[in-house]
A.B. asks: 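Mind having a look at this structure? Questions to follow.
Atom set for the values below is all heavy atoms of this structure, side chains included, hydrogens, waters and symmetry mates excluded. The chains referred to below are lettered A, B, ... by the order of the sequence lines, with proteins before strands, and numbering in each begins at 1. Owing to the predicted nature of the structure, the values given are computational and were not obtained by experimental measurement.
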2 protein chains.
Amino acid sequence: MQNSFVQEFDRFLQEKKLRRTPERFKILTEIKKIDRHFEADDLILHLQREKIIVSRATVYRTLSLLEESNILRKFRFDENHFHYELHPKNSHHAHLVCVKCGTIIEFDDQELEELQARICREYRCLPVKRTVEIYGVCAKCRKKEN
Amino acid sequence: MQNSFVQEFDRFLQEKKLRRTPERFKILTEIKKIDRHFEADDLILHLQREKIIVSRATVYRTLSLLEESNILRKFRFDENHFHYELHPKNSHHAHLVCVKCGTIIEFDDQELEELQARICREYRCLPVKRTVEIYGVCAKCRKKEN
DNA sequence: AACATTATTGAGACCTTATCTCAAATTAAT
DNA sequence: ATTAATTTGAGATAAGGTCTCAATAATGTT
């Protein structure tokens with residue numbers, strides 16, 4: 001089950017006639033070890049710590065491929081770098097981001113699924129994807145403030 | 001009515017003991033002339049065309065102030081620059097962005113208002129703001145493709 | 001009206017994140 | 001093993017925005 005990402009990526013690469021290089025798989029394997037959300041820099045640090053030597057450029061290129069193959073999903077919050085998240089396929093969820101501490105909480109959004117469909121129908125638009133972010137002060141930070 | 005932005009900004013500056021400089025008001029006045037959405041570069045170009053000489057830094061600094069005073073709202077779509085929009089106060093709307101041509105359609109979202117409130121209640125979070133973007137292929141682009 | 005105080009401006013340096021370039025290395029097909 | 005085509009790494013470059021600091025200007029005080 002956990003390994004299915006590797007298989008999926010493998011299939012994707014073959015299909016697109018791209019090469020199945022050790023770098024690409026090492027990167028995906030490292031991503032699997034990281035919990036949920038991560039940033040490119042996190043990944044690069046993790047790789048360095050594990051003495052897996054891959055260039056920054058290759059990391060970014062592989063992230064693009066993983067996004068293209070729907071193994072990874074790319075998000076952007078109010079910062080100016082991206083966040084990535086594994087396995088978004090069946091979890092088209094949204095985010096609750098704390099403006100104080102940056103904690104990211106995921107929540108499912110079946111309602112949003114319908115909203116997207118409705119809005120797209122209304123504007124005769126073919127839905128591709130959506131991003132929904134709610135910003136607020138999380139419970140912990142609110143306690144601290146008191 | 002249209003002038004209320006200037007008054008509002010004026011009040012904000014006084015309240016915060018910030019200075020009411022000509023640059024700041026020239027920038028706001030120019031923004032009012034631009035239709036709805038704009039990017040920092042658009043604004044800088046507009047100012048240049050009108051021979052209003054204000055430095056890039058001041059433009060960015062003023063945009064921040066206008067955001068802080070809730071006169072302007074800042075958005076980010078999939079690109080890596082921001083979009084700005086005047087008068088978001090009573091129009092907490094969401095966006096439908098065409099992935100082909102970049103057209104941005106606004107839509108109101110009373111449902112989203114409730115969703116935000118509900119999610120925040122659930123996580124004991126104090127809501128601050130939200131961004132909702134739906135990406136798709138717009139009607140025009142779909143026609144072209146056929 | 002002049003002064004002092006403090007904020008603001010402008011020019012360009014700088015920062016961050018990500019992408020591009022191109023020679024060298026590697027994959028995959030034959 | 002050879003060849004053709006991709007991929008990699010190192011560093012240059014790009015894009016967008018922010019920062020620095022001396023010079024300038026706004027405000028409050030006399």
Side-chain angles (χ1 to χ4, degrees), chain A residues 6 9-31 37-48 50-69 72-85 102, chain B residues 6 9-31 37-48 51-69 72-84 102:
Chain A
V6 176
F9 193 35
D10 205 39
R11 245 180 284 133
F12 171 82
L13 293 173
Q14 273 192 293
E15 217 166 81
K16 291 253 176 179
K17 309 234 185 240
L18 298 172
R19 291 186 178 167
R20 299 180 292 151
T21 68
E23 285 83 358
R24 288 175 176 165
F25 290 104
K26 279 186 216 162
I27 290 167
L28 176 52
T29 301
E30 196 58 31
I31 288 173
H37 290 272
F38 66 93
E39 307 167 13
D41 267 354
D42 293 337
L43 178 55
I44 288 166
L45 264 174
H46 270 257
L47 288 164
Q48 281 172 349
E50 308 263 330
K51 313 263 189 223
I52 297 166
I53 293 157
V54 188
S55 76
R56 170 176 288 286
T58 297
V59 169
Y60 278 107
R61 285 187 284 231
T62 304
L63 286 172
S64 286
L65 289 174
L66 288 167
E67 199 202 347
E68 223 182 295
S69 60
L72 228 48
R73 194 164 155 204
K74 205 175 174 185
F75 289 97
R76 171 166 247 167
F77 300 108
D78 262 5
E79 303 140 322
N80 64 331
H81 60 263
F82 291 98
H83 288 240
Y84 296 87
E85 162 180 271
Chain B
V6 175
F9 193 34
D10 205 38
R11 244 181 284 133
F12 171 83
L13 293 173
Q14 273 193 293
E15 216 167 81
K16 291 251 175 181
K17 310 231 185 238
L18 298 172
R19 289 183 182 171
R20 301 181 290 150
T21 68
E23 286 83 359
R24 288 177 175 164
F25 290 103
K26 281 186 214 161
I27 290 168
L28 176 52
T29 301
E30 197 57 33
I31 289 173
H37 291 271
F38 66 92
E39 307 167 12
D41 268 354
D42 293 337
L43 177 56
I44 289 166
L45 266 174
H46 271 257
L47 288 164
Q48 282 173 348
K51 314 262 190 223
I52 298 166
I53 293 159
V54 187
S55 78
R56 173 180 220 64
T58 297
V59 169
Y60 279 106
R61 285 186 284 229
T62 304
L63 286 172
S64 287
L65 289 175
L66 288 168
E67 199 203 347
E68 223 183 295
S69 60
L72 228 48
R73 195 162 154 204
K74 201 175 176 186
F75 288 98
R76 173 166 245 165
F77 300 108
D78 262 5
E79 304 140 321
N80 63 333
H81 58 264
F82 291 98
H83 289 242
Y84 296 86

A.B. asks: Shoot me the first and last contacting nucleotide of DNA chain C against chain A, ordered 5' to 3', at under 4.0 angstrom to non-hydrogen atoms.
C.D. replies: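 Nucleotide range with atoms under 4.0 Å of chain A: C:dT17 to C:dA28.
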A.B. asks: Rounded to the nearest angstrom, tell me the gap between atom NE2 in B:His83 and atom C1' in D:dA15.
C.D. replies: 14 Å
A.B. asks: Mind calculating the distance between CD1 (A:Ile27) and P (D:dT7) to the nearest angstrom?
C.D. replies: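 Checked: the CD1 to P distance equals 13 Å.
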A.B. asks: Hey, which sits more toward the 5' end of DNA chain D by its nearest nucleotide, B:Arg76 or A:Thr21?
C.D. replies: A:Thr21
A.B. asks: Can you list, in residue-number order, the parts of residues 9-19 of chain B that come under 4.0 Å of DNA chain D, counting heavy atoms only?
C.D. replies: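 Contacting residues: B:Arg19.
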A.B. asks: Which ones in residues 52-64 of chain B lie close to DNA chain D, meaning a heavy atom under 4.0 Å from one of its atoms?
C.D. replies: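 DNA chain D contact set from residues 52-64 of chain B: B:Ala57, B:Tyr60, B:Arg61.
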A.B. asks: Would you mind reading off the distance between B:Asp78 atom CG and D:dA15 atom P, rounded to a whole angstrom?
C.D. replies: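 Value for this atom pair: 18 Å.
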A.B. asks: Before giving the answer on side-chain contact (heavy atoms from CB on, under 4.5 Å), spell out for A:Thr62 and A:Leu28 the whole-Å C-alpha distance, their side-chain angles and the decisive distance to 0.1 Å.
C.D. replies: CA-CA 8 Å; A:Thr62 304; A:Leu28 176 52; 6.0 Å; no
A.B. asks: Starting from C1' on D:dA15, measure out to CD on B:Glu79 and report it in whole angstrom.
C.D. replies: 12 Å
A.B. asks: Quick one: list whatever passes salt bridge (charged side-chain N to carboxylate O under 4.0 Å, His left out) with A:Glu30, sequence neighbours left out.
C.D. replies: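 Partners of A:Glu30 by the salt bridge (charged side-chain N to carboxylate O under 4.0 Å, His left out) criterion, ordered by chain and then number, come out as A:Lys33.
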A.B. asks: Look at the side chain of B:Arg24 and the backbone N and O of B:Leu66, then say whether any donor-acceptor pair between them is shorter than 3.5 Å.
C.D. replies: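 Looks like no, no N/O pair under 3.5 Å.
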A.B. asks: List for me each residue that meets ring-ring contact (aromatic ring centres under 6.0 Å, His included) alongside A:Phe82, sequence neighbours excluded, and say none if there are none.
C.D. replies: none
A.B. asks: Over how many whole Å does the gap from A:Glu23 atom CD to D:dT7 atom P extend?
C.D. replies: 11 Å
A.B. asks: Between the opening five pairs and the closing five pairs of the helix from C:dA1-D:dT30 to C:dT30-D:dA1, how far apart are the helix axes, to 10°?
C.D. replies: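 The value is 30°.
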A.B. asks: Do B:Leu63 and B:Lys74 come within less than 4.5 Å of each other through their side chains, counting heavy atoms only?
C.D. replies: no
A.B. asks: Please list, chain by chain and in numerical order, all residues satisfying side chain to side chain donor-acceptor pair (under 3.5 Å) with A:Thr29, sequence neighbours excluded.
C.D. replies: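 For A:Thr29 there are no side chain to side chain donor-acceptor pair (under 3.5 Å) partners, ignoring immediate neighbours.
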A.B. asks: Mind calculating the distance between CZ (B:Phe77) and C1' (D:dG16) to the nearest angstrom?
C.D. replies: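 So the two atoms are 17 Å apart, to the nearest Å.
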A.B. asks: What pairs with B:Asp42 under salt bridge (charged side-chain N to carboxylate O under 4.0 Å, His left out), at least two apart in sequence or on another chain?
C.D. replies: none
A.B. asks: So, using side chain to side chain donor-acceptor pair (under 3.5 Å) as the criterion, who are the partners of A:Ser55 when residues are at least two apart?
C.D. replies: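 Checked A:Ser55 against side chain to side chain donor-acceptor pair (under 3.5 Å); matches are A:Thr58.
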A.B. asks: A:Arg24 side chain N/O closer than 4.0 Å to the phosphate oxygens (OP1, OP2) of D:dT8?
C.D. replies: yes
A.B. asks: With side chains defined as the heavy atoms from C-beta onward, is the minimum distance between A:Leu13 and A:Thr21 less than 4.5 Å?
C.D. replies: no
A.B. asks: Can you sort out the partners of A:Phe75 under ring-ring contact (aromatic ring centres under 6.0 Å, His included), two or more places apart, ordered by chain and number?
C.D. replies: A:His95
A.B. asks: Taking side chain to side chain donor-acceptor pair (under 3.5 Å) as the definition, give me every residue that meets it alongside B:Arg20, ordered by chain and number, with sequence neighbours left out.
C.D. replies: B:Asp10
A.B. asks: Working note: A:Phe9 + A:Leu72, criterion side-chain contact (heavy atoms from CB on, under 4.5 Å); need CA distance, chi angles, decisive distance, verdict.
C.D. replies: CA-CA 10 Å; A:Phe9 193 35; A:Leu72 228 48; over 6 Å; no
A.B. asks: Excluding sequence neighbours, so at least two apart, what forms side chain to side chain donor-acceptor pair (under 3.5 Å) with B:His81?
C.D. replies: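 Counting only residues at least two positions away or on another chain, B:His81 forms a side chain to side chain donor-acceptor pair (under 3.5 Å) with B:Glu39.
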